[in-house]
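Following: one structure in structure tokens, then a few remarks.
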Amino acid sequence: MHSFGYRLNGLLTFAVTILALMCAITSLSDNFNTPSPSAEIKIMNINWFQKQPQGHDEVSLTMNVSADLQSLFTWNTKQVFVFVAAEYETRKNSLNQVSLWDAIIPAKEHAKFWIHTSNKYRFVDQVKKAVNG
Ligand SMILES: *[C@@H]1O[C@H](CO)[C@@H](O)[C@H](O)[C@H]1NC(C)=O
């Protein structure tokens, strides 16, 4: 006859093994998702383009951002952060990046959207007086 302690040990070992196996399977299942997000941005209007007193350019624009990010959502996705960045080249820098707009998508139901918006953050070139500019 097995003692009580021996049986308890056997039961716990079995339970922990099953738990570990379930964790491994759920983690693995996330890798089978091959997301195929798509996005499109159209510049609808240049609202204004100005040279600022400090010597740098600033532009305000209106764009239509449309995206289908639903495939990014799995059981393991809390939220998705999206942003639109403008990239351009100047004589000083081969790559400039300016964040124009961003959003947090909290759920799959909100992951397919379009938005007609002007830039949320100022789209300015580097100020000439700045250390790097
Ligand atoms: C923005 O783009 C979407 C998808 O292409 C389109 O359905 C929608 O009508 C557009 N909105 C405007 C205001 O142009």
Side-chain angles (χ1 to χ4, degrees):
M1 282 297 283
H2 297 309
S3 72
F4 175 75
Y6 188 86
R7 287 186 188 189
L8 189 67
N9 185 21
L11 188 67
L12 274 177
T13 307
F14 183 66
V16 170
T17 307
I18 296 294
L19 202 63
L21 202 67
M22 284 168 73
C23 288
I25 291 169
T26 45
S27 285
L28 269 177
S29 73
D30 206 31
N31 295 326
F32 295 126
N33 183 45
T34 42
S36 50
S38 64
E40 196 189 346
I41 297 162
K42 279 192 215 118
I43 306 295
M44 307 302 280
N45 190 37
I46 304 287
N47 305 326
W48 45 264
F49 189 109
Q50 289 176 344
K51 195 168 191 73
Q52 296 301 310
Q54 297 93 332
H56 58 286
D57 292 327
E58 175 164 359
V59 62
S60 165
L61 46 82
T62 303
M63 57 197 164
N64 183 5
V65 181
S66 59
D68 182 353
L69 310 175
Q70 285 179 315
S71 63
L72 294 176
F73 281 86
T74 67
W75 64 271
N76 201 18
T77 313
K78 169 94 173 86
Q79 57 187 22
V80 170
F81 177 75
V82 263
F83 67 95
V84 173
E87 296 187 350
Y88 60 96
E89 196 181 322
T90 52
R91 261 174 287 147
K92 281 230 160 79
N93 306 312
S94 59
L95 178 64
N96 297 276
Q97 288 177 309
V98 180
S99 182
L100 299 183
W101 175 86
D102 62 14
I104 290 171
I105 315 292
K108 189 173 186 169
E109 298 79 62
H110 301 117
K112 193 171 178 180
F113 64 91
W114 67 263
I115 180 171
H116 189 77
T117 181
S118 54
N119 51 309
K120 188 168 163 185
Y121 305 112
R122 292 180 69 201
F123 187 6
V124 283
D125 196 16
Q126 274 184 320
V127 181
K128 282 211 174 89
K129 281 185 231 159
V131 182
N132 299 322

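Here the structure is a predicted model, which is why all the values come from computation and not from measurement. Ligands are counted one by one from 1 in listed order, and the atoms in each one are counted from 1 as well.
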* To do: For ligand 1, find out whether one of its N or O atoms is nearer than 3.5 Å to an N or O atom of N64.
  => yes
* Asked: Are Y88 and N93 linked by a side-chain donor-acceptor pair shorter than 3.5 Å?
  -> no
* Per-atom contacts, ligand 1 versus M44 - under 4.0 Å to a heavy atom -> 14 (O)
* Asked: Just by modelled atom types, is the A85 backbone N or O under 3.5 Å from a matching donor or acceptor in the S99 side chain?
  -> no
* Answer yes if L100 and I43 sit in the same cluster of Ile, Leu, Val, Met, Phe, Trp and Tyr residues linked by side chain heavy atoms under 4.5 Å apart, and no otherwise. => yes
* Taking atom types as modelled, find out whether N47 and T62 have a side-chain donor-acceptor pair closer than 3.5 angstrom. => yes
* Asked: Closest non-hydrogen protein atom to atom 13 (C) of ligand 1, residue and atom name please, with distance?
  -> H116 ND1, 3.5 Å
* When you measure from atom 9 (O) of ligand 1 to every protein heavy atom, which one gives the shortest distance, and what is it? -> W114 CZ2, 4.1 Å
